[in-house]
Chemist: 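Supplied in structure tokens, the structure appears directly below.
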Amino acid sequence: MPPIHSHGCVCEAAGGLLPDSAFKDFAKYVDRPPTLRLRGGAKTREPDATKVKTIVRGARIWTADATNPRADAIAISETGRILAVGSEASVKAVPNADEAQVVDLTGRTILPGFVEPHMHPTFGAVVLNQFLDVYPFTVKNVEDVLDRLRAKCEEMDQAGRPNSDWVWAFGYDQALTPPCRPLLVEDLDSISSTRPIFIISNTVHTGYANSAAFAAASVTHTTPSVPGGGEFLKTASGSLSGVVVESALGVFTAHQPKLGPEEYSQALLEFLRRASRKGVTTVVDAALRLDEPSDDDALGGMVGAYLHLASADLLPTRVSLSPTSPYLTQATALARKIGRQRAPGDVVYLTESSDMVSIHAIKFVLDGTNQTMTAAQTQPYLNGDGGNKGDMNYPNTEKLLETVKKVKDVGFSAMFHANGDGALDQAIEVYDKIFGKPAPEDLFSGKGFRGRIEHCTITREEQIPRLKELNVIPSFLMQHLLYWGSRYRDVSLGPARAARMDPAGDCVKHGMPWSMHCDMPVTPVQPLQYVTTAVTRTNYYDGKIIGSEQCVSVEEALKSITIHAAIQSGFGDVCGSLSVGKSADLVVLDESPLDVEPSKIKDIIIEETWIAGKRMMHLM
Ligand SMILES: [Zn+2]
Ligand SMILES: [Zn+2]
């Protein structure tokens, strides 16, 4: 089992937490690709792509389609495609309209279903299912964190759970939780001296253990460092401080009980439902681990989990998977065995009769995070040891070029995690050398090889038009600004660089698409909150505006969570806008984001999502 390696986002962290033997019956999917049953019960004939099944009327519809931006009715075919969208009279002019089921959504607002282009369901499912929540956004201070841990311990004691059962928690942030200090061994020993307690920080770079956890993991003050940057930090007197970093986390997470395949499947489903309840209809799993690179037979336990949910007709969102670069061989084998791809660089669909599960881009993590000052910058961080510019994960660009060339040769797109402007320079060089100069009209076509930058937090102004020239679309973790923006401004990066963080305004100025994501479990999924933040650029903690010149209009922000995120993820022809021929993927809201105060957009109630013309019932 690989130790947790967490250099970057949670992308590489999934290793130790997942079931070893999950979905070993994956072979049955390889031999016989699962065929999705149609929702809505037994059918006596094949659905007809030209025959109207449902007409939605009465709503105020924003389509994200510039050629037809507003409408009040939609006609949907038996196959879930949009046959007409426009005025009620024009929609009711489709053939056989009088036989259609009419759904009256008077007073509601309909938008295209939200596309969440970067989150971590396969890792986050375990975290949200098994770990106590101590996120900085949900706790008041360190005392509050300790109270939650104490309550959990008491609950386990009362339930008669043996002392060998650990307390696991996730999300602590020592830079944001007052009084902004690490959790120490004496804090955690005051809760229990007998039951192991282990907390993972929200960046997955740091962990906090009590004495019982150190004992259970056989770690003492003389235990050596762990390869991969793992350290058990000591006090001035040489004793264990309680804080552990990087690969040392794996020493503790090895004790995490494994979920069985059914439990894991259920946890994954719950994770996707969280996104669905926030209006999301398409999710990109931005770091998929397939299986050990040496193991040719056992293809992808996690892919198996997704296909299992798809074949049971349970997926509440479309899912597109991005295997991390060590799993290129497995991803290629999987795509060749069960995939359907229209053209090189396009999405590869893994289910025979639907477009619910696919693979698209191979993920590379070029640097770390700004929260931990490991994002690779061209100028040093302001605090910490003088001259620290963060870390490049691929100091040898030639080697990176070689690997990315292989990705292109087998027909996958590539996506680069780059939080600092130094890492972004490297990403631009690689796209330029490997993918060359693409046709400008393909920037908005959603076809072929798609370049994308994950996070793209700190940039220089001249890098934005370079991305446009290369048809590379950035995705901003806009909640970096919401939650950490004031720290970047006041502590690590200074006002000038913080003002340019997540430069959506520059992208609009240059006429190029961009998207927004949450990186859950790093921050919570809440697309309407990203819209509020992109429009107002207001920090959660001090209420101050960070970089007003990068504010965008509500409409541009809505495009970034719908059509532009769909194009970026290779789904531009399937969803992202309510256009004739596309799938009827939509979200129903109780108010229009275009009518309320931008600061209130985040509070709009999400009533339903639909995928391919079907209501996702768990929202009802
Ligand atoms: Zn990520
Ligand atoms: Zn990342």
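Quantities reported herein were computed from a predicted structural model and do not represent experimental measurements. Atoms within each ligand, like the ligands themselves, are counted from 1 in listed order.
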Chemist: Indicate whether the side chain of Q529 and that of T533 have a donor and an acceptor atom separated by less than 3.5 Å.
Modeler: yes
Chemist: Suppose you place the vertex at the Zn ion (ligand 2); what is the angle out to H455 NE2 and H417 ND1, to 10°?
Modeler: 90°
Chemist: How open is the angle at the Zn ion (ligand 1) from atom NE2 of H118 over to atom NE2 of H120, rounded to 10 degrees?
Modeler: 100°
Chemist: Applying ring-ring contact (aromatic ring centres under 6.0 Å, His included) to H417 and H118, what does each step give before you reach the verdict?
Modeler: CA-CA 10 Å; H417 158 123; H118 181 135; 7.5 Å; no
Chemist: Using a cut-off of strictly less than 2.8 Å, determine whether D519 has an N/O/S atom near the Zn ion (ligand 1).
Modeler: yes
Chemist: Treating S569 as the side-chain partner and A565 as the backbone partner, does any N or O pair qualify as donor plus acceptor under 3.5 Å?
Modeler: yes
Chemist: List the steps, then state whether side-chain hydrogen bond (donor to acceptor under 3.5 Å, both in side chains) holds for Q377 with N370.
Modeler: CA-CA 9 Å; Q377 315 288 357; N370 291 295; 2.7 Å; yes
